[in-house]
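I have placed the structure first, in the form of structure tokens, so that the comments after it can refer back to it.
As the structure lists them, so they are numbered: ligands from 1, and atoms in each ligand from 1. Keep in mind that this is a model prediction, so the values were computed, not measured.
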Amino acid sequence: MQRKAHYSNNAFFDEGKVIIITGASSGIGKAVALALVKYKPKLVLTARRKRKLYHTASLLKKQKVKVLPVVSDIRDREDRERIIDSTLRTYGRIDVLINNAGLGKANLFLNQPEEEIDQLIETNVLSLIKMTHAIVPIMKEQGEGCIINISSSLAMLPVYPFAVYCATKSAVKVFGDSIRQELRNYGISVSTVLPGPYDTEFNKISGLNDNVVNGSSVNKLAEKIAKLIVKPKYNLIQPKSFIPLIWITEKFRFLKEKITLQIAEQIYKARITNINRTEQKKTEKKEMEIAVEVKTKN
Ligand SMILES: NC(=O)c1ccc[n+]([C@@H]2O[C@H](COP(=O)([O-])OP(=O)(O)OC[C@H]3O[C@@H](n4cnc5c(N)ncnc54)[C@H](OP(=O)(O)O)[C@@H]3O)[C@@H](O)[C@H]2O)c1
């Protein structure tokens, strides 16, 4: 029997849910996998870096959690099919999809290489939509399901050194808001997570200097995301201090300009100091090499 998805009660909860988490080799995805232990899930973890992915899996196995790691690139169609096929072969169903795999690239739009634009859109948007598109018919057949998409608070606070990233995360938010209405009639909930800055590999991969960006620890965020399988929410904004910030910038246009410019300048500073740091390291390396050469010549 079909039932509507609920956003206010704990209707969906029981143990042994089959949960796919994309991007579980580090950061938020890894922390969410660990935070889910108390729900006794059957997990499927995906990412490209085998060693890191298997490390997450081994931490879970030690806690007696059933876990299937699938080394895969989420942008690759065959890899996405392999994730879904091996989940169904191993567990027979898919209850929850956590679309977390993603990355940022801080850059001025004028300087952004086209490959970076492709990578951001393919990973953060296209793969997420295609993964969801492949899985919702399975959830519809089951009569229930739960989708959790990781967007970003920058979807609501667009900043210039992250223009393409912000556009991808805004697309994730709007996609979730759009499909929610269609899917609720099949018992499928759609929650969107909008994190602020968190301390993960995200900053390094984005090309930002960690010392300039002040991120929170992911553990509390992971607990809140894990809870969405029990109690879905339209939007989860974390840390809590970002709720009034987003609310006020939505309400007052002039404040939005001012606040986003401040955040943008902070990010730009983190980008520039990182470039300087990398340049400095390169120079130091070169000087070392020259010194060694001179020494060996003498
Ligand atoms: N940290 C923040 O401040 C922050 C804020 C807002 C939103 N977010 C979002 O949160 C999500 C998780 O990021 P994070 O902060 O946890 O950063 P992270 O530590 O860099 O984790 C990103 C994860 O995504 C995976 N991934 C990236 N590209 C992939 C690909 N092509 N195929 C498969 N997996 C891929 C990575 O695994 P492999 O490299 O092993 O493939 C890794 O497991 C992202 O969507 C990010 O945009 C982060």
ask   = Is it the case that Thr168 and Asn124 place a side-chain donor and acceptor less than 3.5 Å from each other?
value = yes
ask   = For ligand 1, which atoms have a heavy atom of Ala24 less than 4.0 angstrom away?
value = 43 (O)
message = List ligand 1 atoms under 4.0 Å from Ile205, heavy atoms only on the residue side.
response = 20 (O)
ask   = Does ligand 1 have an atom under 4.0 Å from some heavy atom of Lys204?
value = no
key: Protein heavy-atom partner closest to atom 46 (C) of ligand 1 - residue, atom, separation in Å   = Tyr165 OH, 3.7 Å
Part of Ser151 with heavy atoms under 4.0 Å of ligand 1, whether side chain, backbone, both or neither = backbone
key: Best match, Asn149, Asn100, Val172, Leu154: closest heavy atom to atom 11 (C) of ligand 1   = Asn100
message = For a side-chain contact (heavy atoms from CB on, under 4.5 Å) check, start with the C-alpha distance between Ile272 and Asn274, then their side-chain angles and the critical distance, and finish with the verdict.
response = CA-CA 5 Å; Ile272 291 299; Asn274 195 52; over 6 Å; no
query = Would you say Arg49 has any N or O atom under 3.5 Å from an N or O of ligand 1, going by distance alone?
reply = yes
message = Would Asn203 count as a polar contact of ligand 1, with the cut-off being nitrogen or oxygen pairs under 3.5 Å?
response = no
query = Taking the minimum heavy-atom distance to atom 5 (C) of ligand 1, which of Pro197, Gly104, Gly196 ranks first?
reply = Gly196
query = Looking only at protein heavy atoms, which one is nearest to atom 17 (O) of ligand 1, and how far off is it?
reply = Thr200 OG1, 3.4 Å
request  = Taking only heavy atoms of Gly27 into account, list the atoms of ligand 1 that are under 4.0 Å away from them.
outcome  = 16 (O), 19 (O)
query = To which protein heavy atom is atom 2 (C) of ligand 1 closest, and what is the distance rounded to 0.1 Å?
reply = Tyr198 N, 3.6 Å
Backbone of Ser72 reached by a side-chain donor or acceptor of Arg48 within 3.5 Å = no
query = Going by atom types alone, do Thr132 and Asn99 pair a side-chain donor with an acceptor below 3.5 Å?
reply = yes
query = So is there a nitrogen or oxygen of Lys169 less than 3.5 Å from a nitrogen or oxygen in ligand 1?
reply = yes
request  = List the closest protein heavy-atom neighbour of atom 39 (O) of ligand 1: residue, atom name, distance to the nearest 0.1 Å.
outcome  = Arg48 NH2, 3.0 Å
ask   = What is the nearest protein non-hydrogen atom to atom 36 (C) of ligand 1, stated with its residue, atom name and distance?
value = Ser25 OG, 3.8 Å
inquiry  = So for Thr123, does at least one of its heavy atoms come nearer than 4.0 angstrom to any atom of ligand 1?
reply    = yes
query = Nearest protein heavy atom to atom 31 (N) of ligand 1, by residue and atom, and its distance?
reply = Asp73 OD1, 2.9 Å
ask   = In terms of side-chain geometry, is the basic nitrogen of Arg82 or Asp79 positioned less than 4.0 Å from the acidic oxygen of its partner?
value = yes
Tyr165 ring center within less than 6.0 Å of Phe202 ring center = yes
remark   = Among Ile74, Ile150, Asn99, the residue with a heavy atom nearest to atom 33 (C) of ligand 1 is Ile74
query = Is Lys30 touching ligand 1 with its side chain, its backbone, both, or neither, if touching means heavy atoms under 4.0 Å apart?
reply = neither
Single-linkage hydrophobic cluster Val70~Leu97, side-chain heavy atoms < 4.5 angstrom = yes
inquiry  = Salt bridge or not between Glu257 and Arg253? Use side-chain N to carboxylate O under 4.0 Å.
reply    = yes
request  = Pick whichever of Ala47, Ser206, Ser216, Gly102 has a heavy atom sitting closest to atom 24 (O) of ligand 1.
outcome  = Gly102
task = Examine ligand 1 and decide if any of its atoms is less than 4.0 Å from a heavy atom belonging to Arg75.
result = yes
ask   = In the protein, what heavy atom is nearest to atom 6 (C) of ligand 1, and what distance, to one decimal place, separates them?
value = Pro195 O, 3.4 Å
query = To the nearest 0.1 Å, how far is atom 19 (O) of ligand 1 from its closest protein heavy atom, and which atom is that?
reply = Ser26 OG, 2.9 Å
message = I'd like to know if Ser72 contacts ligand 1, where contact means a heavy-atom distance under 4.0 Å to any ligand atom.
response = yes
